[in-house]
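One structure is given below, encoded as structure tokens.
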2 protein chains.
Amino acid sequence: MTNMKKNIADRVFDTLCTAIVEGEIAPGSKISEPELAKRLKVSRASLREAIGRLEACSLVTRKANIGARVVSLSKEKLLEIYHVREALEGMAARLAAQNITAEEITQLQQLLKRHTDEVNQADGASYFQRSGDLDFHYHIVQSSHNERLISLLCNDLYHLMRMYRYQFGRVSQRAFPALDEHSYVVSAIADGDGEMAELLMRNHIRRSRRNIEQMIKT
Amino acid sequence: MTNMKKNIADRVFDTLCTAIVEGEIAPGSKISEPELAKRLKVSRASLREAIGRLEACSLVTRKANIGARVVSLSKEKLLEIYHVREALEGMAARLAAQNITAEEITQLQQLLKRHTDEVNQADGASYFQRSGDLDFHYHIVQSSHNERLISLLCNDLYHLMRMYRYQFGRVSQRAFPALDEHSYVVSAIADGDGEMAELLMRNHIRRSRRNIEQMIKT
DNA sequence: AATTATTAATGTGTCGACAATATATGTTGA
DNA sequence: TCAACATATATTGTCGACACATTAATAATT
């Protein structure tokens, strides 16, 4: 089962997506269709299909008759994303408190415990460096059971957030406080207190943003 | 100037977008690429490009090797959108209060006055039936000066909201209260009170959603 | 007659080639 | 030497045709 036989365009999308997220293709660099098509041994049609989807999740930008460029990262754009996340994930936490299932609660608590162990073991460093933090947020969004919210955060914005985390690094000393904040959010959701869950999630994300503002204030 | 000479795919997108939004192509109906390509007298490649963009703004859904269907509307999906709007437009109002320019404030106030006149003249009915209400929200989002927020609301979700408004109609008796709520939001933004602006905008959208929940509770 | 197998049709996915546009190169004139 | 124009090259946009998957229609078996 779950034997999704993928199209060429799908595979090309996956390839380019990770290549862009991990910086193998430099931010701001131009994407030459003939060259890439030859390197990946696919037709330009399939490649263009893939590029179209990359554009949909904001990993590339296209200009008419000029072509596609890998998105260029900036402090300002990152902060914009944090504002959007504060709004959307705050709402996601609120809805999760209303709609989460019993199984999802236990799964979320298990995830939180696993994170706690990892952070304690690694002394706070390694975990948040990788995409572990995103996993937590990902699960809460899923538990909102709002398909559009899920699509926006887990399909459209997800890869871009990974890209920033990958390339800006995650030097944060906020591992322990962030972990606490996570546990508060889980408690509020488990209690079914949507108002509190949204408040806590928004504060959590706002603190992350402020932390970044501090660190990269040129 | 502003003489954007458009691609074929752009024109096809515009054509199909309005056709779908206005219901000329029925919700849930299948899109046959060969047939449409022949009717519009364009190649399938250009048509597929356009369909890809329609998918990006959720006007059609595509399944691999099966094809594209016009999105089917439902009460549940509409309420999901309202939750997303409450979160995003609330944040937009907050940011607008911080970032709006003097010119934009006067433009917004003029827009509000025009709306008031129209609603009074038409006795509340006609204006909110058309996309006038969306204009107001559109302007506030623009004034947030958050590019990602603007893109999400004014590019991705905008057409879908128009589609619901077009097809579900807008029977609302809430024209006058809604107009009041609009004016409160503008005041808060003009005062630079982001906290208040967000609160008022969220309440406004939540009331719209509750109103819809009442009307279409089967 | 109902149900499964097999075949025909329709439609989507992919490809290579041509046309339109933008960029790079080279030439001319002041 | 530099600027402006003309030419050449490379890239994107568009097209029609073929390969493959899905659906419909037909045939076969119980």
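Chain letters run A, B, ... following the sequence lines, proteins first, then strands; residues in each count from 1.
For T61(A), the side-chain contact (heavy atoms from CB on, under 4.5 Å) partners two or more places apart in sequence, or in a different chain, are R69(A). The side-chain contact (heavy atoms from CB on, under 4.5 Å) check on S143(A) picks up A96(A), I100(A), E104(A), with sequence neighbours excluded. Qualifying ring pair (Phe, Tyr, Trp, His ring centres under 6.0 Å) partners for H137(A), counting only residues two or more places apart in sequence or in other chains: H182(A), H204(A). Under the ring pair (Phe, Tyr, Trp, His ring centres under 6.0 Å) criterion, Y138(A) pairs with Y158(A), not counting sequence neighbours. Every residue two or more places apart in sequence or in another chain was checked for a side chain to side chain donor-acceptor pair (under 3.5 Å) with Q142(B), and none qualifies. By the side chain to side chain donor-acceptor pair (under 3.5 Å) test, K30(A) is found to be paired with no residue, residues two or more places apart in sequence or in another chain being considered. Partners of E33(A) by side-chain contact (heavy atoms from CB on, under 4.5 Å), not counting sequence neighbours, listed by chain and number: R44(A), L47(A), R48(A), I51(A).
If you measure from atom CD of E33(A) to atom C1' of dT21(C), you get 13 Å, rounded to the nearest angstrom. Taking atom NZ of K6(A) as the reference point, atom P of dT14(C) lies 13 Å away to the nearest angstrom. When the P atom of dT12(C) is taken as reference, atom CZ of R69(B) falls 11 Å away, rounded to whole Å. As rounded to whole Å, 19 Å separates atom P of dG11(C) from atom CG of N7(A). Rounded to an integer number of Å, the gap from CG of L36(A) to P of dT11(D) is 12 Å. The nearest whole Å value for the distance from the NZ atom in K38(B) to the C1' atom in dA17(D) is 16 Å. I51(B) has its CD1 atom 8 Å from the P atom of dT12(C), to the nearest Å. Rounded to whole Å, atom P of dA19(C) lies 14 Å from atom CD1 of I8(B).
Phosphate proximity of dT10(C) to K30(B): absent, as no side-chain N or O sits under 4.0 Å from OP1 or OP2.
Pairs passing the side chain to side chain donor-acceptor pair (under 3.5 Å) check and including a residue from residues 146-156 of chain A, sequence neighbours excluded, read R148(A)-S58(B). Pairs engaging residues 9-19 of chain B under the side chain to side chain donor-acceptor pair (under 3.5 Å) rule: K6(B)-D14(B), D10(B)-R53(B) [sequence neighbours left out].
A distance-only check finds a donor-acceptor pair linking the side chain of N99(A) to the backbone of S144(A) [under 3.5 Å].
Considering only the side chain of R62(B), dG13(C) comes nearest among dC15(C), dG13(C), dT12(D).
At the heavy-atom level, I31(B) lies under 4.0 Å from the strands shown only through sugar-phosphate atoms.
A cation-pi arrangement is not found for R162(A) relative to Y166(A), the charged atom failing to lie both closer than 6.0 Å to the ring centre and inside a 45° cone about the ring normal.
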Point to revise | Contact letters for nucleotides 19-24 of chain D, in which S counts primed atoms plus P, OP1 and OP2 and B counts the base, heavy atoms under 4.0 Å | key: --SSS-
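Less than 4.0 Å separates DNA chain C from no heavy atom of any residue of residues 9-16 of chain B. Interface residues of residues 41-50 of chain A facing DNA chain D, ordered by number: R44(A), R48(A); criterion, heavy-atom separation under 4.0 Å.
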